[in-house]
2 protein chains.
Amino acid sequence: MARLAGVSRATVSYVLNNTSAVRISEPTRRRVHEAAQELGYVPHAAARSLRAGHSRIVLMPAPAIPVGPLYSRFLGELQAALGRLDYTVVQYGSVGLRGDEAARAWAELRPVAVLVPGGDIGPRGVAVLQRAGARAVVTLGPERVDGAHALLTDHSAVGHSAGAHLYARGRRRIGVVVPEEPGLEVFSEPRLAGVRRALHGTDATATVLPLAYTEQAAAELAAGWRGLSLDAVFAYNDEYAMLLMRALQDEGVRVPEDVAVVGADDLMLGRLLRPRLSTVRIELPSGRDLAELVDRAVRDPGAEPEVREVLGASLVHRASS
Amino acid sequence: MARLAGVSRATVSYVLNNTSAVRISEPTRRRVHEAAQELGYVPHAAARSLRAGHSRIVLMPAPAIPVGPLYSRFLGELQAALGRLDYTVVQYGSVGLRGDEAARAWAELRPVAVLVPGGDIGPRGVAVLQRAGARAVVTLGPERVDGAHALLTDHSAVGHSAGAHLYARGRRRIGVVVPEEPGLEVFSEPRLAGVRRALHGTDATATVLPLAYTEQAAAELAAGWRGLSLDAVFAYNDEYAMLLMRALQDEGVRVPEDVAVVGADDLMLGRLLRPRLSTVRIELPSGRDLAELVDRAVRDPGAEPEVREVLGASLVHRASS
DNA sequence: TTGAAAGCGTTACCAC
DNA sequence: GTGGTAACGCTTTCAA
């Protein structure tokens, strides 16, 4: 380090951190700043957090699957909001790691808070992180995890919206697309369950339609469509809806006359389809709210874990249903 | 620390790191492992890198704008490949930070390597990082930055492919969509330049068409379309192409008879449009290659910066042109 | 107002 | 084979 600026290391620390407890003479301040500038001095985060016993890092695992514009926006907002509160958001690329192994890897960084999709961590992982000094662990997912704060995202509400809407429109034989791509079960299973719930106790039925995200798979599904005698389909999301709708139209199946189609996520592309795609709009919590929750939890680590329902689902009715 | 396992800290270190230089008795090993297990011991990355003088962190700024499936896949591959080489990939959420300020923030983590979009850093930033111990700084962008390795992504090749194709198909008055969304200039400007280059010295012309990603903006552009008397358009990418194509078709403009349309990125949605969308397929470097480049640079920091052209562009001809 | 020194968790290096 | 010790860069307490 550059204490060769003529003063002691302590003085440097005081000046650069603007410590108010001690007063440093103006000339000294200037000398320190000049020296730092000249040497390109940058404080060493590791040394600092070693000494302090904690970091200002909020850690999130980097998403393994491509994320849509919805989640991207949420992530950006969250980063901005946490940045304003003087935290550093870090997405940890945890490729092959799973479960407690991942939690241990994250714990090595001694983050002050961890924000993690629910399925990626269990109670033991939470405990590991807390013992490693994490003052807040927040999960984002369908169910709470012991010891952690929880933002509950009940994706069955999405399926429920779609199912109830289709039923109200007079549809009774409802197909539900379930993506075959791995990693999407977390969303697709609750969405399917939500449709089932909406139809429970009625004369309508839900039929599972596994579908890979390829033209060919969609064409095959469409080829056998009439045999299924369905009058509606909830297509998991807008992208699968577009895929299926195109295949159906190519097959001569009319939308919405022969089959009503509903997607989810309210993407731009749904508005560009003909007929325009009905969809379920999903609302994530605002990044700012979440940042405040994290900050509160960090300041008061003893408090009871907060559990909050955060996912809003509302149907946007357009021409396809 | 678990020296309360009855042994010295050094012994713990040996056992947990499987140091081969010294032999530890089996009973001692067991005791250490048991204690670590019981205490939920996790090594402290900060302390380790403080001692070692460097970390195994490869830092990338987290993307500020939503990224498409193409870049997501690349990122995933890269993380996996670097993970296999025992690096930790960290995406740093650098919200408001820009230029040298961002570089300093990154430098605080003392990453062993930094991988950064070219526009986000200059030669001074590179120097800051290197002085802070980064053994490799790799930029990904249109031009190289002094002192850093460079993966050159020449997006003008994308525009050139599209322009040359449209010209070869007999089109002479070619519109080029330029998104109005901020942050996309890095891509849109070279793509436009590429079209111009393809048409240079011919009788064909390129017309700039600024376009916001909204239905209304597209409708307005389409409303005045005939006045522009264009016979082709390169729409920046597949999403803008879909937006514009829909607006044109709603306006009664026929594709490809009245106007040929070409997109870019070869997304699934292009194949689902009718007519199917011609597009420019873009190839990014494989994550594994890049990981190897990083690893090589880290092992031999003295070497000349590598400069490599990495972006492939090839036209996929479908029905829209 | 400034300087000296301790200590955070690790590991490399020497004595034992 | 094992254990003590020093040092990494920083902040903070205490003394000058």
Query - Criterion salt bridge (charged side-chain N to carboxylate O under 4.0 Å, His left out) on A/Glu77 and A/Arg73, from CA distance to verdict - result: CA-CA 6 Å; A/Glu77 264 184 41; A/Arg73 227 190 84 211; 3.5 Å; yes

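Between A/Glu306 and A/Leu293 there is a side-chain heavy-atom pair separated by less than 4.5 Å. Looking at heavy atoms from C-beta onward, A/Val58 lies out of side-chain contact with A/Thr88 at the 4.5 angstrom threshold.
Counting to the nearest Å, the C1' atom of C/dT11 and the CZ atom of B/Arg56 are 16 Å from each other. As a whole-Å value, the separation of B/Arg110 CZ from C/dT10 P is 20 Å. Atoms CG (B/Leu109) and P (D/dC10) sit 14 Å apart, rounded to a whole Å. Rounded to whole Å, atom P of D/dC8 lies 20 Å from atom CD of B/Glu108.
The base of C/dT10 lies outside donor-acceptor range of the side chain of B/Arg51, with no N or O pair under 3.5 Å.
B/Glu181 CD: more than 12 foreign heavy atoms inside a 6.0 Å radius.
Nearest nucleotide to the side chain of A/His44, out of D/dC10, C/dT10, C/dG9: D/dC10.
An OP1 or OP2 oxygen of C/dT11 is reached within less than 4.0 angstrom by a side-chain nitrogen or oxygen of B/Arg48.
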